[in-house]
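All remarks here apply to the structure that follows.
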Amino acid sequence: MTSPTPILVTAPNFRDAGGHATATGRKVRTGLVYRSDGLGEVDATDAATLVRLGIGLVIDLRSATERDREPDRVPAGAELLIADVMGRENDELFGEVFADPDRAGELLGGTAGRELMCEVYRRFVTSEGARVAYRSVFARMANEAAPTVFHCSHGKDRTGWTSAVLLTLLGVPRATVVEDYLASAAHLAEKNRAILEHIAERGFDPAHLAPVFDVHVEYLDTAFAAAEERYGSVEGYVRDGLGVSDPEVARLRERLLTD
């Protein structure tokens with residue numbers, strides 16, 4: 001798999017969330033909302049790029065442990081909004097996975113790794129803490145004038161669901177939403193290869209941990225199914241599950257859609 005030329009070398013999954021066509025022929029504006037992996041290793045060149053892009057708001061979806069381990073390098077003049085999707089649940093779950101090779105095999109061997117990731121995606125919808133976090137994300141984006149970037153550690157799971165919901169609200173067809181989600185695999189190919197090589201040196205079986213670093217349609221489908229089962233639709237999930245009002249959604253569409 002060939003990795004695309006990244007916008008940010010030190011955050012290879014940083015990309016514009018816009019540019020997609022909607023089912024009605026409109027288009028999601030570019031240059032207003034970006035999605036990314038972690039911004040803790042942003043170098044001077046990439047920091048200058050973020051300033052040039054006018055990033056005024058950084059939304060961090062990570063846990064406190066992740067933020068402490070690798071604090072964001074926030075662009076000069078930008079505001080940082082913490083929207084912790086998984087909280088201690090993330091630390092406890094993945095801390096156990098990465099603590100011991102034998103335990104990783106127990107938790108992730110066979111089909112268990114994919115099943116675990118599907119459960120994580122289900123909790124993006126069902127967990128009260130996740131709903132509070134995502135409510136703050138979409139309410140803020142609906143009222144934010146400055147270009148915004150939302151991110152987690154790898155920019156594929158918590159960030160992937162954020163992008164999927166956003167694009168769905170804007171009327172982007174599901175097939176395009178899935179394609180955008182799966183694009184993380186190419187953007188993260190080199191980064192993941194290096195991580196898995198390092199993990200192998202510590203005695204872990206990369207095959208056990210690969211599902212944690214991969215993107216699969218079944219992960220995203222699990223979150224969509226949970227939203228539709230509980231709330232009838234993604235729009236219902238945003239309105240009734242997250243508590244984002246119809247006027248806020250309308251403002252989001254007005255800001256991000258163009259003819």
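Side chains included, hydrogens not; waters and symmetry mates left out as well; all remaining heavy atoms used.
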Establish whether [X] and [Y] are linked, either directly or via other cluster members, by ILVMFWY side-chain heavy-atom contacts under 4.5 Å.
X      : Y      : answer
Tyr231 : Val132 : no
Leu81  : Val42  : no
Leu107 : Phe213 : yes
Met141 : Leu170 : yes
Leu167 : Val33  : yes

For Thr49, side-chain hydrogen bond (donor to acceptor under 3.5 Å, both in side chains) partners two or more places apart: none
Identify whether the distance between the nearest side-chain nitrogen and carboxylate oxygen of [X] and [Y] falls below 4.0 Å.
X      : Y      : answer
Lys27  : Asp259 : no
Arg135 : Glu248 : yes
Glu197 : Arg193 : no
Glu41  : Lys191 : no
Glu119 : Arg122 : yes
Arg131 : Glu128 : no

Would you call [X] and [Y] a side-chain contact if the rule is heavy atoms closer than 4.5 Å?
X      : Y      : result
Ile82  : Arg67  : yes
Arg158 : Ser153 : yes
Phe14  : Leu50  : yes
Phe224 : Thr168 : yes
Val149 : Leu39  : yes

Considering non-hydrogen atoms only, spot the tightest contact between [X] and [Y] and give its length.
X      : Y      : result
Ala11  : Gly38  : CB-O, 3.7 Å
Arg29  : Leu32  : CD-CD1, 3.7 Å
Gly109 : His208 : CA-CD2, 3.9 Å
Asp84  : Ala133 : O-CB, 3.4 Å
Pro4   : Ala186 : CD-O, 3.3 Å
Pro206 : Ala200 : CG-CB, 3.8 Å

Hey, what do you get for [atom1] ([X]) to [atom2] ([Y]), rounding to the nearest 0.5 Å?
X      : Y      : atom1 : atom2 : value
His187 : Ile7   : NE2   : CD1   : 8.0 Å
Arg62  : Met86  : CZ    : CE    : 15.0 Å
Asp102 : Phe204 : CG    : CZ    : 9.0 Å
Ile199 : Asp205 : CD1   : CG    : 10.5 Å
Thr222 : Tyr121 : OG1   : OH    : 9.5 Å
Leu256 : Arg251 : CG    : CZ    : 12.5 Å

is_close_aromatic(Phe138, Trp161), centroid dist under 6.0 Å: no
Distance alone, cut at 3.5 Å: any donor-acceptor contact between the side chains of [X] and [Y]?
X      : Y      : result
His151 : Asp72  : yes
Asp157 : Tyr219 : no
Arg35  : Asn13  : no
Arg114 : His216 : yes
Ser63  : Thr65  : no
Thr148 : Glu144 : no

Salt bridge (Lys or Arg N to Asp or Glu O under 4.0 Å) evaluation trace for Asp180 with Arg15: CA-CA 10 Å; Asp180 177 76; Arg15 48 197 166 102; 3.2 Å; yes
Criterion side chain to side chain contact (heavy atoms under 4.5 Å, CB included) against Thr159, the qualifying member of Ser184, Ser36, Cys152: Cys152
Counting only heavy atoms not in [X], do more than 12 fall under 6.0 Å of its [atom1]?
X      : atom1 : value
Glu179 : CD    : no
Glu218 : CD    : yes
Arg103 : CZ    : yes

Criterion side chain to side chain contact (heavy atoms under 4.5 Å, CB included) on His154 and Ile195, from CA distance to verdict: CA-CA 11 Å; His154 291 269; Ile195 291 172; 3.4 Å; yes
Aromatic ring pairing Phe124/Tyr134, orientation class (parallel under 30°, perpendicular over 60°, tilted between): perpendicular
Among Asp37, Asp46, Thr45, side-chain hydrogen bond (donor to acceptor under 3.5 Å, both in side chains) partner for Thr10: Asp46
Gly31 backbone acceptor or donor facing Asp16 side chain under 3.5 Å: yes
Worked check of side chain to side chain contact (heavy atoms under 4.5 Å, CB included) between Ile59 and Leu57: CA-CA 6 Å; Ile59 302 176; Leu57 176 65; 4.0 Å; yes
